[in-house]
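Everything below concerns the one structure shown next.
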Amino acid sequence: MSRLLRIRHVLAGGAALALTLLFAPQGFAAEQVDIELVLAVDVSLSMSPDELEIQRHGYAAALTHNDVLQAIADGVHGKIAVTFFEWAGASTQHVIVPWTVIATREDAERVAAQLSASPPNSARRTSISGALEFGGDLFAESGFTSMKRVIDVSGDGPNNQGAPVQGIRDALVQQGITINGLPLMTNGGLASAYDVAELDKYYKDCVIGGPGAFMIPVNDWEQFPEAIRRKLVLELAGPWSQPWRAEAEQGLPVVLAQATAPYDCMVGEKLWRDRSWMWESR
């Protein structure tokens with residue numbers, strides 16, 4: 001092959017590569033959404049079967065609520081990415097809804113159908129730190145990109161297995177992830193000795209964190225559907241919007257993350273350590 005032909009082949013190959021690079025990114029770029037939202041839901045043995053169903057139905061109803069759909073539509077891109085998993089002990093995390101885009105009511109109803117497709121299963125122990133680690137890892141495989149990544153964690157007791165929750169929380173916050181909370185101060189009975197009297201304060205000091213982080217305590221299961229709806233609206237709207245102010249001023253209290261005298265973030269581990277007379281239920 002002559003030198004001239006070799007040059008032509010090189011130029012042709014370079015042109016083809018340039019065209020590939022020009023048009024290929026659209027096929028490989030992560031999809032833009034307004035928020036990547038991880039819903040992490042406690043299914044430890046302290047929850048009764050009825051309470052587990054209330055949680056599933058509450059999230060399904062909230063995701064299809066007009067207020068939530070409007071908050072999604074009002075976003076810059078008009079769509080969000082959401083995944084839902086249930087957790088208990090340090091090695092117990094089950095994805096119920098994989099990463100899914102919600103932009104329309106039909107999208108939301110498909111997610112709600114997935115939440116209703118099979119009954120939830122409970123498991124031993126309570127590892128909020130394990131749930132947060134698992135939720136953080138889910139962002140790496142979402143296939144989406146956004147300006148806001150949020151883990152929305154609900155639970156009815158303190159961390160009693162796995163790494164201390166504070167360190168995991170702080171590591172995720174350093175990655176730009178916001179953690180919001182839904183402390184469920186609703187349980188009692190034989191497992192109640194593992195509970196703490198001020199679970200809302202525990203969540204405020206030890207669990208939630210990041211830009212605009214907040215929590216909504218739930219004191220009765222009848223409040224749960226409203227709490228989930230309001231929480232989603234607040235997460236989607238942002239703390240500087242009119243919908244956020246309107247929601248924050250009515251109904252269940254919205255507690256913002258703030259620096260205060262710290263709660264004992266190892267209280268759950270200490271309760272578990274001193275459990276010698278109890279069943280290993282949570």
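These numbers were taken from a predicted model, which means no experiment stands behind them.
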Euclidean distance, [Y] [atom2] relative to [X] [atom1], rounded to 0.5 Å:
| X | Y | atom1 | atom2 | answer |
| --- | --- | --- | --- | --- |
| Glu235 | Lys148 | CD | NZ | 7.0 Å |
| Thr126 | Asn160 | OG1 | CG | 4.5 Å |
| Ser146 | Ile35 | OG | CD1 | 7.0 Å |
| Asp74 | Leu236 | CG | CG | 10.0 Å |
| Lys201 | Met215 | NZ | CE | 9.5 Å |
| Glu51 | Leu184 | CD | CG | 8.5 Å |

ask   = Step by step, would you call Gln70 with Asp67 a side-chain contact (heavy atoms from CB on, under 4.5 Å)?
value = CA-CA 5 Å; Gln70 187 60 53; Asp67 291 352; 5.8 Å; no

Taking the side chain as every heavy atom from C-beta outward, state whether [X] and [Y] have any pair of such atoms under 4.5 Å apart.
| X | Y | value |
| --- | --- | --- |
| Tyr203 | Asp200 | no |
| Val165 | Tyr202 | yes |
| Asp34 | Ile72 | no |
| Val41 | Ile96 | no |
| Met47 | Leu45 | no |

Nearest heavy-atom pair of [X] and [Y]: which atoms, and what distance?
| X | Y | result |
| --- | --- | --- |
| Ser154 | Gln55 | OG-OE1, 3.7 Å |
| Val95 | Phe85 | CA-CB, 3.7 Å |
| Gly162 | Asn159 | O-ND2, 4.3 Å |
| Val97 | Thr100 | CG1-OG1, 3.8 Å |
| Leu232 | Ala62 | CD1-CB, 3.7 Å |
| His77 | Gln32 | NE2-OE1, 3.5 Å |

task = Return yes if a side-chain donor-acceptor contact under 3.5 Å exists between Ser44 and Asp42, otherwise no.
result =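 On atom types as modelled, these side chains qualify, holding a pair under 3.5 Å.
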
request  = Step by step, work out the side chain to side chain donor-acceptor pair (under 3.5 Å) result for Gln174 and Asp170.
outcome  = CA-CA 6 Å; Gln174 288 178 358; Asp170 293 345; over 6 Å; no

inquiry  = Check whether Asn180 reaches the backbone of Phe214 with its side chain - one donor and one acceptor, N or O, closer than 3.5 Å.
reply    =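 Checking the backbone N and O of Phe214 against the side chain of Asn180, a donor-acceptor pair under 3.5 Å is found.
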
Side-chain donor-acceptor pairs of residues 109-116 under 3.5 Å, sequence neighbours excluded:
from: Arg110; atom 1: NH2; to: Asp107; atom 2: OD1; distance (Å): 2.4
from: Ser116; atom 1: OG; to: Ala112; atom 2: O; distance (Å): 3.2

ask   = Is Glu86 paired with Arg56 through a side-chain N to carboxylate O contact shorter than 4.0 Å?
value =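 The answer is yes: the pair qualifies as a salt bridge.
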
inquiry  = Apply side-chain contact (heavy atoms from CB on, under 4.5 Å) to residues Val38 and Trp99 and explain how you reach the verdict.
reply    = CA-CA 9 Å; Val38 173; Trp99 282 110; 3.8 Å; yes

request  = Report the relative orientation of the aromatic rings in Phe224 and Tyr59; use parallel for angles under 30°, tilted for 30 to 60°, perpendicular for over 60°.
outcome  =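 Geometry flag for Tyr59 against Phe224: perpendicular rings.
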
task = Decide side-chain contact (heavy atoms from CB on, under 4.5 Å) for Thr83 and Ser142; before the verdict, give the C-alpha distance in whole Å, the side-chain angles of both, and the deciding distance to 0.1 Å.
result = CA-CA 9 Å; Thr83 182; Ser142 74; over 6 Å; no

request  = Go through the steps to decide whether Val173 and Arg169 satisfy the test side-chain contact (heavy atoms from CB on, under 4.5 Å), and finish with yes or no.
outcome  = CA-CA 6 Å; Val173 169; Arg169 184 269 313 274; 4.0 Å; yes

message = Counting neighbours of CD on Glu222 that are heavy atoms of other residues, nucleotides or ligands and sit closer than 6.0 Å, is the number greater than 12?
response =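 Atom CD in Glu222 is not packed in, count stays at 12 or less.
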
